[in-house]
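For reference, the structure discussed in these notes is given below.
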Amino acid sequence: MNIFPPISCLTIVPLIGAVVVLVFDVKNKNLVRGLALGFAFLALAMTLVLWHRFNPGFGGLQFEEVHAWVPVLGVQYHVGIDGLGLLMLLLSAIVVPMAMAASWQIQDRAPLYFSLMLMLEAGLFGTFTALNFFHWFLFWELSLIPAFFLIRLWGGPHRAAAATQFFLYTIVGSVALLLAFLGIFLCTGKFDFIDLAEIARNRQLLPAFAAISDWHKFTAEKIALALCCGAFLGFAIKVPLVPFHTWLPSTYEEAPTGTTMLLTGAMSKMGIYGFLRILLPIFYVQLRSFQTPLLWLSVATIVLSAYAALAQKDLKRIFAYSSINHLGYCMLGIFSILKLTGNDPALATEKAAALNGVFLQMFNHGLTAATLFWFVALLEKRSGGLRGLDDFGGLRKVVPVFCGLMGIALVSSMGLPGLNGFIGEFLIFKGTFPLATWPASVSVLGLLLTAIFILTILQRVFSGPLQEKWSQMPDLTMRERLALLPAITLMFVLGLYPQLMLGVINSTAMQIVQRLRF
């Protein structure tokens with residue numbers, strides 16, 4: 001335990017910023033924006049300090065803080081991070097300033113807008129660090145509330161329906177999670193994720209459920225399966241997995257672009273993080289019994305969403321379905337490690353490779369997808385709100401810098417070697433093929449379909465004859481180029497030197513694999 005609580009301080013910073021920005025002088029909007037961005041950069045700087053102080057050779061929890069909260073209910077303030085948690089903190093701390101920069105032109109109720117962004121960042125930090133369900137669930141819900149209002153108040157013409165759909169889907173998932181963990185607490189008296197994982201690892205979970213099985217007239221196995229399904233539903237909606245994905249395209253389309261960047265860049269990772277941190281360690285046995293349908297569910301998420309992207313004309317909807325596709329690879333990697341491999345060291349290595357790929361894919365997709373939506377916002381700004389696939393053509397002749405930088409982000413999303421999008425997908429498939437050969441083989445179709453719709457964007461928006469009305473379109477300003485430069489640079493750095501991330505997360509991936517060998 002640390003005397004100085006770095007994680008608590010990190011979580012509090014955006015909350016303080018949200019309050020300060022909200023009560024600031026509404027008339028001075030540039031100062032409000034700058035103040036909000038200052039708090040976001042402060043959070044990023046604190047995250048980088050954590051990264052520097054983190055011990056990459058130790059795969060367990062670091063910077064832990066444990067304080068009694070409601071002892072009679074087993075509620076503690078328990079936070080800590082391993083390589084996965086640190087990676088998600090860094091991703092959130094990077095995406096939030098990007099989203100603020102993309103939202104710089106927001107005029108209507110600017111203090112409230114940026115305050116909600118900071119509040120959402122605090123929810124993300126809390127979700128990726130909390131280790132007790134009571135504490136964790138507060139932050140899980142805290143991220144939902146500002147996201148709803150950001151969509152509802154600043155979204156597109158159909159924002160009311162999109163915000164309502166987003167809220168209903170996510171609240172159903174939250175209720176399912178709450179009921180599942182209330183059931184777990186009733187059986188075990190525990191809310192702490194680490195304690196529950198240890199109970200499951202010691203094969204004491206089913207005996208705990210058996211203690212109430214006579215009362216409920218269900219077997220311990222059925223109780224465990226029901227609770228597992230409840231938690232699974234909550235995380236599957238958040239990712240989202242097909243068929244729980246229908247809220248996402250309309251939400252991404254109608255949300256203001258800065259909010260869409262947060263949704264795809266960071267919030268979608270909350271669901272995958274929940275699978276890795278909570279569901280997999282506690283309900284490994286129950287998930288393993290359904291490995292085959294789960295694998296094919298991930299295949300459907302990969303292939304069907306990529307196919308749906310081909311049918312879209314709106315760039316935001318294309319990238320929305322592309323996000324579902326890319327997150328499907330993460331789920332494929334997670335479900336593949338459910339395979340029981342005994343003490344085979346070779347297959348244990350493949351599991352670690354798949355998990356490393358999942359971690360990298362979470363980070364790289366968040367960075368690349370957020371950048372792509374930022375480019376869509378810049379395109380809308382120059383075209384009077386247009387973002388259709390057929391609205392443009394030949395833009396590289398008049399805005400070569402814009403097309404060149406967006407082209408880098410597009411081919412990174414496609415998985416071009418040398419850019420950050422490649423290594424995560426490569427490791428996922430490297431680990432998944434020996435563990436789940438047929439699902440991995442079919443999932444390759446997703447790569448092909450992704451290449452088709454990415455190349456279609458490059459051809460129809462950047463190439464071809466130039467429409468006369470775009471002949472005077474301005475290229476990126478120096479301020480916009482400098483704002484985009486860190487994200488584009490990071491794509492190259494992680495593509496050419498993935499060890500920068502792998503050196504931090506590999507020990508965590510190895511430890512997860514070792515703990516699941518039962």
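Predicted model, so just to flag it, every value in this text is computed and none were measured.
Tyr273 and Phe235 have their aromatic ring centers separated by at least 6.0 angstrom.
Between the side chains of Ser103 and Tyr113, at least one donor-acceptor pair of N or O atoms lies under 3.5 Å. A donor-acceptor contact closer than 3.5 angstrom is absent between the side chains of Tyr169 and Thr251.
One N or O on the side chain of Arg159 and one on the backbone of Gly156 form a donor-acceptor pair closer than 3.5 Å. Checking side-chain atoms of Glu221 against main-chain N and O of Thr219 turns up no donor-acceptor pair under 3.5 Å. In this structure, Arg33 contributes its side chain and Trp104 its backbone to a donor-acceptor pair below 3.5 Å. Checked by atom type and distance alone, the side chain of Thr170 pairs as donor or acceptor with a backbone atom of Phe167 at under 3.5 Å. Proximity of a side-chain donor or acceptor of Trp154 to a complementary backbone N or O of Asp108 within less than 3.5 Å is detected.
Between Lys190 and Ile184, the closest side-chain pair of non-hydrogen atoms is not below 4.5 Å. You'll find the side chain of Leu61 reaches within 4.5 Å of the side chain of Leu131, heavy atoms only. Counting heavy atoms from C-beta on, the side chains of Val239 and Phe275 come closer than 4.5 Å. No side-chain heavy atom of Pro439 sits under 4.5 Å from any side-chain heavy atom of Thr432. Using a 4.5 Å cut-off on side-chain heavy atoms (C-beta onward), Leu502 and Leu427 make contact.
Counting heavy atoms of neighbouring residues, nucleotides and ligands inside a 6.0 Å radius, atom CZ of Phe149 does not exceed 12 of them. A 6.0 Å sphere centred on CZ of Phe137 holds more than 12 heavy atoms belonging to other residues, nucleotides or ligands.
Of the charged side-chain nitrogens involved, none lies within less than 4.0 Å of a carboxylate oxygen, so that Lys316 and Glu253 do not count as a salt-bridged pair.
Residue His78 is tested with His135, His67, Glu65, Glu64 for a side chain to side chain donor-acceptor pair (under 3.5 Å); the sole match is Glu64.
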Side chain to side chain contact (heavy atoms under 4.5 Å, CB included), that's the test. Do Met267 and Ser143 meet it? Break it down for me. CA-CA 8 Å; Met267 285 191 70; Ser143 66; 4.0 Å; yes
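Under the 30°/60° scheme for interplanar angles, the aromatic rings of His326 and Tyr329 are found to stand perpendicular.
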